[in-house]
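Side-chain atoms are counted along with the backbone in the values below, which use heavy atoms only and exclude waters and symmetry mates. So that the names make sense, note that chain A is the first sequence line, chain B the second, and so on, each numbered from 1.
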Amino acid sequence: AQSVAQPEDQVNVAEGNPLTVKCTYSVSGNPYLFWYVQYPNRGLQFLLKYITGDNLVKGSYGFEAEFNKSQTSFHLKKPSALVSDSALYFCAVRDKSNYQLIWGAGTKLIIKP
Amino acid sequence: DSGVTQTPKHLITATGQRVTLRCSPRSGDLSVYWYQQSLDQGLQFLIQYYNGEERAKGNILERFSAQQFPDLHSELNLSSLELGDSALYFCASSERLAGRDTQYFGPGTRLTVL
């Protein structure tokens, strides 16, 4: 069965430090992978996606994600965290049988000043 | 701003009632998706429409129904409401059906059932 996992419910990072939000997936064939961010009382905002090509994908707000096929991971990263990055982050993988997104449970990112 | 609009922003109603949530997709997008987000169950896919036709169903209750109109806006109808239906309901849209298409989300409707 196709699935995506975000192993950490919450990640705490000091402002200015690098951050990583983890995502692993299980899908047959080549995956289509997505990251979204949800700020409090807001809808989900698209950050970036991996479809094919370069394993390092750059997205909005200085975020990037690295696709690692051997480890079936797609971790979200940022070199220097901002307090304003504090939000809920969702990883998703496309189910190729029906084109629906399979969502992770979300990771709450807290950036402390 | 994603370009997806949803109305109303907030809705408070009583158990047993029926409500309608409305979504207008981004200009040019043919696909509309409905999601439910509750505290204990995360983001749940409900249903998808493409160019007026139902394309995929997720965890949608029989009390819930949706449709997409010729102008591509969509409505989600929730009936015989229960306390457990209180949640954020999101609409998203994408250009086509292609797997690589990005879904863009609206701001959501917060439904409170008392």
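Residues A:L76 and A:F90 fail the side-chain proximity criterion, which asks for heavy atoms closer than 4.5 Å. In this structure, the side chains of B:L76 and B:C23 stay at 4.5 Å or more apart for every pair of heavy atoms. In this structure the side chain of A:V11 never reaches within 4.5 angstrom of the side chain of A:L19, judged on heavy atoms.
Between chain B and the options A:I102, A:L44, A:L101, heavy-atom pairs under 4.5 Å are most frequent for A:L44.
In this structure, A:E64 does not pair ionically with A:K77, as no charged nitrogen and carboxylate oxygen lie closer than 4.0 Å.
Under a hydrophobic-cluster definition in which Ile, Leu, Val, Met, Phe, Trp and Tyr are linked whenever side-chain heavy atoms come within less than 4.5 Å, directly or via other members, B:F64 and B:F45 are assigned to different clusters.
For A:N68, the side chain to side chain donor-acceptor pair (under 3.5 Å) partners at least two apart in sequence or on another chain are A:S70.
For chain B, the nearby part of A:L88 is the side chain; its heavy atoms alone come within less than 4.5 Å. Contacts between A:I51 and chain B at a heavy-atom distance below 4.5 Å involve the side chain alone, from C-beta outward.
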Quick one: donor-acceptor pairs between chain A and chain B, under 3.5 Å, side chains and backbone, table format.
| from | atom 1 | to | atom 2 | distance (Å) |
| --- | --- | --- | --- | --- |
| A:Y36 | OH | B:Q103 | N | 3.2 |
| A:Y36 | OH | B:Q103 | O | 2.6 |
| A:Q38 | OE1 | B:Q37 | NE2 | 2.9 |
| A:Q38 | NE2 | B:Q37 | OE1 | 2.9 |
| A:K49 | NZ | B:R100 | O | 2.6 |
| A:K49 | NZ | B:T102 | OG1 | 3.0 |
| A:R94 | NE | B:G99 | O | 2.4 |
| A:R94 | NH2 | B:G99 | O | 2.7 |
| A:R94 | NH2 | B:D101 | O | 2.3 |
| A:Q100 | NE2 | B:Q48 | OE1 | 2.5 |

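Rounded to the nearest 0.5 angstrom, B:L111 CG and B:L21 CG are separated by 6.5 Å.
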